[in-house]
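Each remark here refers to the structure printed beneath this line.
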Amino acid sequence: MTYIAKPKFHHPALPVNALGFTHRDYEGAISTLCAGCGHDSISTAIIQACFELDLPPHRVAKLSGIGCSSKTPTYFLGNSHGFNSVHGRMPSVLSGANLANRNLIYLGVSGDGDSASIGLGQFVHAIRRGVNMVYIVENNGVYGLTKGQFSATADRGSKSKRGTINTDSSIDLAAMALQLGATFVARSFSGDKAQLVPLIKAALDHQGAAFIDCISPCVAFNNHAGSTKSFDYVREHNEAVNRLDVITPRAPIQIDYEAGAVEIVEQHDGSRLALRKVAADYNAHDPLGAMAFLQERAAAGEIVTGLLYIDRHPQDLHAHLNTVTAPLNSLGEKELCPGAAALDRINAGLR
Ligand SMILES: Cc1ncc(C[n+]2csc(CCOP(=O)(O)OP(=O)(O)O)c2C)c(N)n1
Ligand code: SF4
Ligand SMILES: [Mg+2]
């Protein structure tokens with residue numbers, strides 16, 4: 001048995017959101033991951049973010065590859081669309097679905113093996129094309145599902161459970177996403193729900209390629225002394241540049257933060273992000289500065305978290321390609337076959 005359904009009953013007094021849904025309506029099957037796995041905390045954060053944003057579950061499409069991380073969509077949003085693809089192939093399946101129907105909210109969940117090794121090319125092209133999605137990598141530095149081999153995000157010098165030292169350079173997926181033109185880039189930690197939930201909410205509101213690299217310790221294979229992806233290590237080396245609050249167009253706008261410490265970022269859909277600066281001189285609108293900052297702080301042994309970059313005016317693949325707004329399966333013969341005269345005009349334009 002690969003999953004266990006949760007019983008449907010719940011306490012009648014459970015709080016409901018604006019759609020009348022309870023938290024339970026955003027849950028999935030009972031998790032079969034190891035007790036204490038960071039990935040389960042990310043699932044909980046996704047459930048909370050969708051509940052708080054009042055997202056209709058049927059408007060969300062969750063897609064993944066293969067790995068413990070890629071199993072997690074079974075454990076959240078049980079009433080949403082879902083597709084568990086092949087190892088490393090989530091980005092192309094998500095891109096295709098998004099091109100066919102832009103009316104859904106696309107949530108891609110992947111692992112560091114899934115996205116930084118076999119799926120690296122897929123990750124790169126989905127980000128550089130600006131597919132409108134939330135792309136979360138649940139980053140534990142190992143291939144958890146296949147028993148803990150180092151992945152490409154494992155830091156040079158970190159130690160495996162059996163004592164081997166990793167001699168390869170690591171791939172920083174957040175830095176890559178910045179270089180590739182993602183319009184929203186963040187890093188967080190599965191053990192920091194206060195930071196992660198608003199980041200997921202902001203990414204879901206963002207109308208462009210939103211990438212979140214979420215450090216998510218593997219308690220079975222990468223949570224020992226010498227690992228740089230363990231709960232203890234990340235807690236000790238976590239340097240947050242900012243904290244977020246998300247104010248949706250539906251919520252009354254009440255902001256009473258200290259002047260100078262908070263920046264309000266307006267998004268296309270009318271939602272506002274209140275960005276509370278922790279590092280006073282950090283600028284979340286400068287991709288080059290963010291890349292330099294990430295590398296500088298990584299060299300000093302710090303793990304930088306928070307909203308690293310946001311483009312206030314994002315564009316997505318549909319805007320680049322000038323596609324029709326209607327889902328492709330709703331187009332009739334008239335729209336799909338505009339006739340010989342239209343074809344002649346196209347051909348004449350190519351001569
Ligand atoms: C084409 C293919 N190659 C290799 C595998 C074996 N495999 C399954 S999961 C996995 C790595 C998973 O690592 P990651 O994406 O980091 O997920 P985690 O389990 O750590 O969450 C590998 C190599 C596979 N399933 N398919
Ligand atoms: S093996 Fe690691 S990644 Fe997989 S469920 Fe267990 S703790 Fe999580
Ligand atoms: Mg992994």
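Whatever order the structure lists them in is the order used to number ligands and atoms, beginning at 1. The figures here come from the full heavy-atom set of this structure, side chains too, leaving out hydrogens, waters and symmetry mates. Heads up: numbering here begins at 1 and tracks the sequence. These numbers were taken from a predicted model, which means no experiment stands behind them.
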Check whether any side-chain heavy atom of [X] sits under 4.5 Å from a side-chain heavy atom of [Y], and report yes or no.
| X | Y | answer |
| --- | --- | --- |
| Thr72 | Ser64 | no |
| Glu266 | Arg272 | yes |
| Asp286 | Phe293 | no |
| Ser115 | Tyr135 | yes |

Return a yes/no value for [X]: is any of its N or O atoms, backbone included, closer than 3.5 angstrom to an N or O of ligand 1?
| X | value |
| --- | --- |
| Ile118 | no |
| Val86 | no |
| Thr146 | no |
| Glu138 | no |

To check your reading of the model: name the closest protein heavy atom to [atom], its residue, and the distance in Å.
| atom | answer |
| --- | --- |
| atom 13 (O) of ligand 1 | Tyr143 CA, 3.4 Å |
| atom 14 (P) of ligand 1 | Gly113 N, 3.4 Å |
| atom 2 (Fe) of ligand 2 | Cys218 SG, 2.3 Å |
| atom 4 (Fe) of ligand 2 | Cys68 SG, 2.4 Å |
| atom 8 (Fe) of ligand 2 | Cys37 SG, 2.4 Å |
| atom 5 (S) of ligand 2 | Cys34 N, 3.4 Å |
| atom 22 (C) of ligand 1 | His87 NE2, 3.3 Å |
| atom 25 (N) of ligand 1 | Ile66 CG2, 3.7 Å |

Which of the atoms of ligand 2 are close to [X], meaning less than 4.0 Å from one of its heavy atoms?
| X | result |
| --- | --- |
| Leu33 | 5 (S) |
| Phe221 | 1 (S) |
| Val219 | 7 (S) |

Exercise. Near Asp114, which atoms of ligand 1 are under 4.0 Å from a heavy atom of that residue?
Worked result: 14 (P), 15 (O)

For this session: State the atoms of ligand 1, each with its element, that fall below the 4.0 Å cut-off from a heavy-atom position in Val142.
Result: 16 (O), 20 (O)

Seminar exercise, completed: Looking at Gly88, Gly65, Ser69, Gly67, the heavy atom closest to atom 21 (O) of ligand 1 belongs to Ser69

Exercise. Is the shortest side-chain N to carboxylate O distance from Arg235 to Asp192 below 4.0 Å?
Worked result: no

Problem set entry | Residues Lys201 and Glu52 bridged, charged N to O under 4.0 Å | yes

For this session: Taking all non-hydrogen atoms of both residues into account, name the closest pair between Ile310 and Phe184 and its distance.
Result: CD1-CD1, 3.9 Å

Exercise. Of the non-hydrogen atoms in Asp114 and Gly65, which two are nearest, and what is the gap between them?
Worked result: OD2-CA, 3.6 Å

Seminar exercise, completed: The reported gap from CD in Glu138 to SG in Cys218 (rounded to nearest 0.5 angstrom) is 12.0 Å

Exercise. Using a heavy-atom cut-off of under 4.0 Å, does the side chain or the backbone of Asp112 touch ligand 1, or both, or neither?
Worked result: both

Exercise. Between Asn140 and ligand 2, which part of the residue brings a heavy atom under 4.0 Å of the ligand: side chain, backbone, both or neither?
Worked result: side chain

Exercise. Out of the N/O/S atoms in Asp112, what is the name of the one closest to the Mg ion (ligand 3)?
Worked result: OD1

Give the cluster check for [X] versus [Y]: same hydrophobic cluster or not, with ILVMFWY residues linked at side-chain heavy-atom distances below 4.5 Å.
| X | Y | result |
| --- | --- | --- |
| Met133 | Leu317 | yes |
| Leu308 | Val278 | no |
| Leu204 | Phe76 | yes |

For this session: To the nearest 10 degrees, could you say what angle the Mg ion (ligand 3) makes with OD1 of Asn140 and O of Val142?
Result: 80°

For this session: For the pair Asp311 and His206, evaluate side-chain hydrogen bond (donor to acceptor under 3.5 Å, both in side chains) and give the outcome as yes or no after the intermediate values.
Result: CA-CA 9 Å; Asp311 182 338; His206 188 76; over 6 Å; no

Exercise. Contact between His39 and ligand 1, counting heavy atoms under 4.0 Å?
Worked result: yes

